[in-house]
Amino acid sequence: MKVIDHINSAKGNTLVSFEILPPIKGKGIDAVYKHLDPLMEFKPAFVNVTYHRAEHVFKQNPDGTFKKVTIRKRPGTESICAAILNRYNVDPVPHLICGGFSIQETEDALINLRYLGIDNVLVLRGDAAKNETAFIPQPDGHRHASELLLPVVNHNKCIYLEEELKNSHKTSFCIGVAGYPEKHFEAPNMQTDLQYLKAKVDAGADYIVTQMFFDNRKYYDFVEKCRAIGITVPIIPGLKAIAVKNQLTVLPKIFHIDLPEELSNELEKCKSNEEVEKVGVEWLAMQSKDLKKNGVPVLHYYTLGKSSLVADVIKQL
Ligand SMILES: Cc1cc2nc3c(=O)[nH]c(=O)nc-3n(C[C@H](O)[C@H](O)[C@H](O)COP(=O)(O)OP(=O)(O)OC[C@H]3O[C@@H](n4cnc5c(N)ncnc54)[C@H](O)[C@@H]3O)c2cc1C
């Protein structure tokens with residue numbers, strides 16, 4: 001079932017959903033089940049699975065020279081989605097990225113998802129490769145999420161790269177895109193970023209999922225600004241529980257977001273990880289209750305290996 005149909009059939013009730021990462025290469029599917037099993041009692045409407053592009057690293061040869069090797073630390077997004085559908089009968093949402101994909105590979109990925117019975121995709125540009133300072137698209141790939149939307153929308157209209165294909169199967173992927181209540185870090189200003197977000201919606205996105213935020217005011221302002229420029233699709237808040245103290249500096253650095261002073265002051269006082277988790281859960285519960293009271297369509301939790309913290313929050317709703 002499509003994410004948008006889940007939202008519409010909830011008739012104004014707030015749903016919950018989760019985002020998980022594929023396990024580090026070498027681990028089994030049990031790692032996914034161990035993480036998700038305890039969250040299933042909350043009946044998520046859907047579960048997102050992130051996509052991680054391959055990285056290039058240099059390894060030393062026995063003679064002291066270096067060779068460039070390509071590694072993918074967290075492979076298996078599509079298969080994990082199929083496993084989630086099979087085990088829990090919950091709709092998986094694979095992330096689809098521009099980085100590392102040619103146009104042909106994108107089309108093949110969509111065909112695979114269709115064969116697996118998956119109805120949803122979250123269309124993203126993807127982060128820059130670890131050893132690159134800025135995002136570089138594949139020579140024959142897509143530069144922006146708005147460009148990557150086109151093959152998905154085309155797929156939904158039976159338009160393939162080989163235009164002469166006859167009697168081709170029609171898909172109906174529901175498409176999500178990312179939005180940034182605190183602005184995407186590369187955008188020169190909020191207004192420009194919002195215009196590009198609107199371009200993604202105009203190109204066919206059915207809903208938006210936001211980057212994590214810790215101050216609900218930022219989400220409400222963002223929604224207001226989106227509505228003011230004619231973005232009418234649901235805007236799903238992305239939420240995360242702070243779990244370790246160094247996230248005070250790591251989250252702003254990686255995700256280009258602010259932590260409210262009140263939250264950072266409380267975290268500074270913590271002497272152990274248990275104390276940090278307690279503050280993280282209390283803050284996220286406070287955010288979640290407020291968002292629910294204000295009628296958000298879905299509370300989307302970035303679980304990042306910490307399902308017990310998310311469970312503690314949802315139990316309070
Ligand atoms: C909910 C969510 C899930 C994510 N999941 C993943 C994941 O699984 N894997 C992963 O690698 N990363 C993931 N990311 C990170 C994301 O890929 C990065 O934030 C990336 O830097 C931007 O992706 P985007 O889809 O927002 O890009 P875009 O929409 O392409 O925007 C990127 C930048 O370009 C600008 N821009 C957009 N369109 C145009 C245009 N046509 N011309 C010029 N400028 C333009 C925007 O203003 C913005 O500054 C996720 C982010 C979010 C919020």
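For ligands, and for the atoms within them, numbers begin at 1 and follow the listed sequence. No experiment lies behind these values; they were computed from the predicted model shown.
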**Request:** Give a yes or no on whether a salt bridge exists between Asp37 and Arg87, defined as a side-chain N under 4.0 angstrom from a carboxylate O.
**Result:** yes
**Pair Glu282 + Lys278: basic N to acidic O under 4.0 Å** =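 Here Glu282 pairs with Lys278 in a salt bridge, since their nearest N and O are under 4.0 Å apart.
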**Prompt:** Would you say Tyr219's side chain and Ile235's backbone share a donor-acceptor pair under 3.5 angstrom?
**Reply:** yes
What protein heavy atom is closest to [atom], reported as residue, atom name and distance in Å?
atom                    : answer
atom 52 (C) of ligand 1 : Ala178 CB, 3.8 Å
atom 3 (C) of ligand 1  : His95 CE1, 3.7 Å
atom 29 (O) of ligand 1 : Lys200 NZ, 2.7 Å
atom 1 (C) of ligand 1  : Tyr302 OH, 3.2 Å
atom 33 (C) of ligand 1 : His184 ND1, 3.5 Å
atom 20 (C) of ligand 1 : Gly126 O, 3.5 Å

Per [atom], closest listed option by heavy atom ([options]):
atom                    : options                : result
atom 11 (O) of ligand 1 : Asp127, Ile254, Val177 : Asp127
atom 50 (C) of ligand 1 : Thr192, Val93, Leu124  : Leu124
atom 43 (C) of ligand 1 : Phe185, Tyr196, Tyr51  : Tyr196
atom 34 (O) of ligand 1 : Arg143, His144, Glu186 : His144
atom 24 (P) of ligand 1 : Phe135, Phe255, Tyr180 : Tyr180

Within the 4.0 Å heavy-atom shell around [X], which atoms of ligand 1 are there?
X      : result
Gln211 : 53 (C)
Ala187 : 47 (O), 49 (O)
Thr50  : 8 (O)
Asp193 : 46 (C), 47 (O), 48 (C), 49 (O)

**Message:** Tell me whether Val296 shares a hydrophobic cluster with Val209, the cluster being built from Ile, Leu, Val, Met, Phe, Trp, Tyr side chains joined at under 4.5 Å.
**Reply:** no
**Asked** Are Leu116 and Val121 in one and the same hydrophobic cluster, where Ile, Leu, Val, Met, Phe, Trp and Tyr link if side-chain heavy atoms are under 4.5 Å apart?
**Response**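 As far as the 4.5 Å side-chain criterion goes, Val121 and Leu116 are connected within one cluster.
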**Message:** Quick check on the 6.0 Å ring-centre criterion: do Phe58 and His56 meet it?
**Reply:** no
**Message:** Aromatic contact between His155 and Tyr160, with the criterion being ring centroids under 6.0 Å apart: yes or no?
**Reply:**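 Yes, the ring of His155 comes within the 6.0 Å limit of the ring of Tyr160, centre to centre.
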**Message:** With nothing but distance in play, are any N or O atoms of Glu19 less than 3.5 Å from an N or O of ligand 1?
**Reply:** no
**Asked** Can you find an N or O of Leu122 that's nearer than 3.5 Å to an N or O of ligand 1?
**Response** no
Under 4.0 Å from ligand 1, counting heavy atoms only, is it the side chain of [X], its backbone, both or neither?
X      : value
Arg125 : both
Ser146 : side chain
Glu147 : neither

**Request:** Check Glu266 against Cys270 and note the closest heavy-atom contact, atom names and distance.
**Result:** O-SG, 3.5 Å
**Asked** Parallel, tilted or perpendicular: which fits the ring planes of Phe46 and His6, with parallel below 30° and perpendicular above 60°?
**Response** tilted
**Request:** Quick one: sort the Tyr33 and Tyr88 rings into parallel, tilted or perpendicular, breaks at 30° and 60°.
**Result:** perpendicular
**Item:** Separation between SG of Cys81 and CG of Leu113, rounded to the nearest 0.5 Å
**Value:** 7.0 Å
Donor-acceptor contacts, no H, no angles, side chain residues 304-317, under 3.5 Å, sequence neighbours left out:
{"unit_1": "Ser307", "atom_1": "OG", "unit_2": "His35", "atom_2": "O", "d": "3.3"}
{"unit_1": "Gln316", "atom_1": "NE2", "unit_2": "Asp312", "atom_2": "O", "d": "3.4"}

